[in-house]
Amino acid sequence: MFVKMIGRKKNMGGKYLTNKMQKALLGTALSLSLLAGSSLTVGAAPLTIAEQGVFSAGGITVTSPGTFDSTNQWEESGAGQTAHVDHANVMYQLPVKAKGLPMVFLHGYGQSRTGWMSTPDGREGWAGYFLRQGHGVFLLDAPHRGEAGATSVPGVISDKTLDQRWYTQFRLGRWEQGKPIFNKDSQFPQDERSVDQFFRQMTPDTGMKSDMGADFDKEMVGKALAAAVDEAYARTGKKSIVFCHSQGGRATWPAAKYTKNIAAIVAIEPGGAPEPGSEDYLAVTEQKIPVVFYFGDYIDNGDTAIQATAAWQKLRGACYTFRDAYQAAGGQVEVIDLPKVGIYGNDHFIFEDQNSDVVAAHVSDWLRSHNIK
C-alpha cells in the first residue's frame with residue numbers, strides 16, 4: 001500500500017516543524033498506515049490520508065487509599081496511587097475528501113482490531129476497503145484486550161490449548177487427525193500459513209476469568225464504545241456507523257444508552273440481539289437507529305453433529321425476533337442471510353474470508369439504499 005500524508009506543517013503551538021521532525025512524524029504516520037491498512041492491495045490506487053493517530057476512549061481512574069510517598073515509590077501497597085483502566089484503545093484514519101460517515105469497528109471474543117485490518121491470507125481488510133470508499137475508520141481494541149489491557153478487575157490468562165475449540169465454534173469446519181477439514185465450498189483461506197495467521201490473531205482478555213467469555217462485561221465495553229463514537233463525532237462532526245462482530249455485538253446495544261451519535265449498526269454475526277422491551281432494546285429503538293445483521297453459511301445447512309450449528313441457529317433466531325419487533329415499531333432493520341442472497345461459503349469471520357470484498361460491497365449497497373451515507 002502506498003500512503004501519502006497531507007497535513008499541517010505546524011505543531012500545536014503554531015511553530016513550524018523542522019525537516020528532521022517532519023521526517024520523524026512521517027515515519028510514525030507510515031507505520032500507523034501499515035498497521036491500519038496493513039497489507040498491500042495489488043493494483044490499487046494510492047491511499048491518501050489526511051489525519052491519523054491513536055487515542056484512548058472511556059475508562060475509569062481507580063485510586064488506592066492513603067498517600068503516595070515520592071521518596072518510597074517502590075513500596076508495594078500502591079497507597080495513594082492511581083490506575084487508568086477499562087478504556088478502549090482506538091486507532092483512526094481520516095481520508096482526504098471524505099465522502100461518507102465515519103465507521104467505528106468493534107471486534108469479538110478473543111480478538112482485537114487486527115481482524116478488521118487485514119485477512120489471514122494478507123489481503124486488505126474492511127478498514128482499508130471502506131477507507132478507500134471515503135469513510136473515516138476508527139478501530140477499537142476493546143477494554144482489557146490488545147493495546148487496552150489495563151484492567152480494574154483481575155483476570156486469568158489461560159495457557160489451555162483451545163485453538164480447535166474456536167475453529168469449530170466459528171464454523172470453519174471439523175478438525176480431524178491434527179488437520180483442518182473445511183466446510184464444503186468454504187471461502188476461508190485454507191493454506192497452512194493462513195490458518196496459522198488466523199490462530200495467532202487470537203488474544204486474551206486481561207479482565208476475564210472464564211475461558212469462554214462468560215464474565216464479559218458488556219456494559220463496561222458499551223461505555224467505551226460510546227466514548228469512541230463521541231470522539232469520532234468530535235473529530236469529524238458526523239455520527240458514526242458502528243460495525244460489531246460476535247461478542248462485540250453484545251456491547252453495541254447498551255452503547256446506545258451512552259451516546260446519541262450512532263447513525264447505524266452493522267452487526268456481523270453478533271452474539272444475539274436484545275430481547276424486545278429490554279433496556280438495551282429500547283436504547284436502540286428509541287433513537288430509531290437503523291440496524292442490519294449479516295450471517296454466513298453453514299447455519300441452516302451446518303453439521304448437526306457439531307454443537308456450534310445449533311448455537312448459531314439460536315443466536316440468529318434472536319436477531320430475527322429483534323427484527324420482527326423493531327419492524328413492527330417502524331424501525332429500519334433487516335437480517336441478511338448471505339446464502340439467501342446468493343453469497344455462499346462464509347463462516348463466522350465473514351470479513352476475513354476470500355470473498356470479503358463481495359460482502360463489503362453488499363454492506364455499502366445496503367447502507368446507500370437506506371440513505372445512510
Side-chain angles (χ1 to χ4, degrees), residues 57-60 86-88 90 101-109 138 140 142-144 207 213-234 236-295 311-337 363 366-367 369-373:
I60 61 174
D86 298 353
H87 49 265
V90 186
L101 295 174
M103 294 177 166
V104 176
F105 293 84
L106 177 62
H107 56 78
Y109 176 78
F138 293 76
L140 272 69
H144 307 170
D215 50 347
F216 176 67
D217 189 341
K218 68 184 180 70
E219 207 72 23
M220 177 198 64
V221 177
K223 289 178 180 179
L225 172 59
V229 167
D230 287 344
E231 182 65 23
Y233 183 85
T236 66
K238 299 176 182 179
K239 292 185 176 184
S240 292
I241 300 166
V242 172
F243 284 71
C244 60
H245 177 235
S246 197
Q247 185 188 66
R250 293 174 56 198
T252 299
W253 319 115
K257 292 184 290 190
Y258 305 108
T259 180
K260 303 297 183 184
N261 291 319
I262 298 176
I265 296 171
V266 180
I268 308 299
E269 296 213 353
E275 183 179 349
S278 67
E279 186 179 27
D280 288 351
Y281 173 86
L282 295 175
V284 174
T285 59
E286 286 179 352
Q287 292 189 51
K288 294 183 168 52
I289 299 173
V291 178
V292 61
F293 300 92
Y294 277 84
F295 284 90
W312 283 108
Q313 289 172 354
K314 182 178 180 180
L315 291 169
R316 188 188 59 180
C319 298
Y320 273 111
T321 300
F322 175 96
R323 180 203 64 179
D324 293 346
Y326 197 11
Q327 282 184 345
Q332 292 186 66
V333 57
E334 190 171 356
V335 178
I336 307 293
D337 276 303
V363 173
W366 190 91
L367 292 169
S369 69
H370 289 76
N371 201 34
I372 305 165
K373 304 175 182 178

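- Qualifying side chain to side chain contact (heavy atoms under 4.5 Å, CB included) partners for Asp215, counting only residues two or more places apart in sequence or in other chains: Met208, Lys209, Ser210.
- Side-chain contact between Thr252 and His245 is absent, with no heavy-atom pair separated by less than 4.5 Å.
- Side-chain contact check for Tyr326 versus Lys288: some heavy-atom pair is nearer than 4.5 Å.
- In this structure, the side chains of Ile241 and Val104 stay at 4.5 Å or more apart for every pair of heavy atoms.
- Counting heavy atoms of neighbouring residues, nucleotides and ligands inside a 6.0 Å radius, atom CD of Glu219 exceeds 12 of them.
- Within the 4.5 Å cutoff, the side chain of Ile265 has no heavy atoms near those of the Val292 side chain.
- A pairwise comparison of heavy atoms in Ala255 and Gly222 identifies CB-O, 3.4 Å as the closest pair.
- Here the NE2 atom belonging to His107 is positioned 7.0 Å from the CG atom belonging to Leu140, to the nearest 0.5 angstrom.
- Between Phe243 and Leu106, every side-chain heavy-atom pair lies at or beyond the 4.5 Å cut-off.
- Checked against a 6.0 Å centroid threshold, the rings of Phe138 and Phe105 do not count as neighbours.
- Between atom OG1 of residue Thr236 and atom CG of residue Asn261 there is a gap of 8.5 Å, rounded to the nearest 0.5 Å.
- For the pair Ile372 and Pro290, the tightest heavy-atom approach, listed with the atom from each and the gap, is CD1-CB, 3.6 Å.
- Crowding of Gln287 atom CD: a count of heavy atoms from other residues, nucleotides or ligands under 6.0 Å exceeding 12.
- Checked by atom type and distance alone, the side chain of Gln332 never pairs as donor or acceptor with a backbone atom of Ile289 at under 3.5 Å.
- Annotation: side chain to side chain contact (heavy atoms under 4.5 Å, CB included) contacts of Ala283 (sequence neighbours excluded): Ala256, Lys257.
- Minimum interatomic distance between Ala263 and Lys239 (heavy atoms only, all atoms of both residues): CB-CB, 3.8 Å.
- At a threshold of 4.0 Å, the pair Arg250-Asp280 does not count as salt-bridged, since none of the basic side-chain nitrogens sits closer than that to a carboxylate oxygen.
- Counting heavy atoms from C-beta outward, Ser246 and Glu269 have side chains that stay 4.5 Å or more apart.
- In this structure, CD on Glu286 lies 10.0 Å from OH on Tyr281, to the nearest 0.5 angstrom.
- The minimum heavy-atom distance linking Pro270 with Leu315 is given by the pair O-CB, 4.4 Å.
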Query raised in the report: What's the verdict on side chain to side chain contact (heavy atoms under 4.5 Å, CB included) for Asn371 and Lys373, showing C-alpha distance, side-chain angles and the deciding distance?
Result: CA-CA 6 Å; Asn371 201 34; Lys373 304 175 182 178; 3.6 Å; yes
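- What you find for Gly58 and Ala227 is that their closest heavy atoms are N-CB, 3.4 Å.
- Lys260 NZ to Tyr233 OH: the interatomic distance, rounded to the nearest 0.5 Å, is 14.0 Å.
- The minimum heavy-atom distance between Ala273 and Phe322, with the atom names listed, is CB-CB, 3.8 Å.
- Rounded to the nearest 0.5 angstrom, Phe216 CZ and Gln247 CD are separated by 4.0 Å.
- Put simply, the side chain of Glu334 does not reach to within 4.5 Å of the side chain of Phe293, judged on heavy atoms.
- Note: His370 and Trp366 have parallel aromatic rings, judged against thresholds of 30 and 60 degrees for the angle between ring planes.
- Distance check: Ile268 CD1 to Phe295 CZ gives 9.5 Å after rounding to the nearest 0.5 Å.
- Side-chain contact between Cys244 and Val266 is absent, with no heavy atoms from C-beta onward closer than 4.5 Å.
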